[in-house]
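All figures in this text were calculated on a predicted structure; none of them were measured in a lab.
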Amino acid sequence: VTGVVAHAGGRILLCRRAIEPRKGLWTLPAGFMELGESVEEGARREAREEAMAELEIETMLGLYSIPRIGQVQIFFRAKLLNDPAPGPESLEVMLAGWDDVPWKELAFPSVKWALDAYRASEGRTGFAPFGNPPGADHMTR
């Protein structure tokens, strides 16, 4: 799985899921890669599909291992280059300031992990990608 924490003007792009699993909850643009694409290409494609977003990938942000569901999730930090709009997999999109993120309505633990990594890395370059938080290896959603 590949995805992005896309930002513009101090706000973060979030999508309300129009599909299962976790329909109606908020997520970051992310999804399964397609054969023949790089993780960066997959992250840009998912952002276009879910939020009509065009991005400039800045750096790898996090690498999360979720063995119980057979996934490795790779998130990038990216600059949002246009005004987003819902794609077919999103009910709505929003640009949220940190205090406006609907924390109790996030679809998956890895969304929170990536958001926390984004916050911890703000203003930094040249850092190692973040990994699973301590004790999070058992998370399944």
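Nearest heavy-atom pair across A47 and P29 is CA-CB, 3.8 Å. Across L14 and P102, no two heavy atoms sit closer than the pair CD1-CD, 3.7 Å. In terms of heavy-atom proximity, A43 sits nearest to G3 at CB-O, 3.9 Å. When all heavy atoms are compared, the tightest approach of A18 to P88 is CB-O, 4.1 Å. Taking both residues in full, the closest heavy atoms of P86 and E92 are given as CG-CA, 3.7 Å, listed atom of the first, atom of the second, then distance.
Applying the side chain to side chain donor-acceptor pair (under 3.5 Å) rule to E89 yields no partners; only residues at least two apart in sequence or on another chain are considered. In this structure E40 satisfies the salt bridge (charged side-chain N to carboxylate O under 4.0 Å, His left out) test with no other residue, sequence neighbours excluded. Applying the side-chain contact (heavy atoms from CB on, under 4.5 Å) rule to D116 yields the partners W98, W103, K112; only residues at least two apart in sequence or on another chain are considered. Applying the side-chain contact (heavy atoms from CB on, under 4.5 Å) criterion to E20, with sequence neighbours excluded, gives K23. The side chain to side chain donor-acceptor pair (under 3.5 Å) check on E105 picks up nothing, with sequence neighbours excluded.
No chain of hydrophobic side-chain contacts below 4.5 Å, direct or via other Ile, Leu, Val, Met, Phe, Trp or Tyr residues, connects I19 to L28. In the hydrophobic clustering of ILVMFWY residues, with side-chain heavy atoms under 4.5 Å counting as a link, Y118 and F75 come out together. Grouping the Ile, Leu, Val, Met, Phe, Trp and Tyr side chains by contacts below 4.5 angstrom, directly or via other members, places F130 with F108.
Side-chain contact between V101 and L115 is present, with heavy atoms from C-beta onward closer than 4.5 Å. At a threshold of 4.5 Å between non-hydrogen side-chain atoms, the residues S90 and E50 count as touching. Using a 4.5 Å heavy-atom cutoff, the side chains of N132 and W113 are in contact. The shortest distance between side-chain heavy atoms of R45 and E49 falls below 4.5 Å. Residues F127 and L61 are in side-chain contact: their nearest non-hydrogen atoms beyond the backbone lie under 4.5 Å apart.
Atom NE2 of H7 sits about 9.0 Å away from atom CD1 of I12, to the nearest 0.5 Å. Within the model, atoms CD of Q71 and OH of Y64 stand 14.0 Å from one another, a figure rounded to the nearest 0.5 Å.
As a member of the Ile/Leu/Val/Met/Phe/Trp/Tyr network built from side-chain separations under 4.5 Å, V72 groups with V4, L13, M33, V39, L55, I57, M60, L63, I74, F76, L80, V93, L95.
Contact check on K79 versus E58 returns no salt bridge, with no Lys/Arg side-chain nitrogen under 4.0 Å from an Asp/Glu carboxylate oxygen.
Defined by atom type and a distance below 3.5 Å, a donor-acceptor pair is present between the side-chain atoms of Q73 and S110. A donor atom on one side chain and an acceptor atom on the other are found under 3.5 Å apart for R77 and S121.
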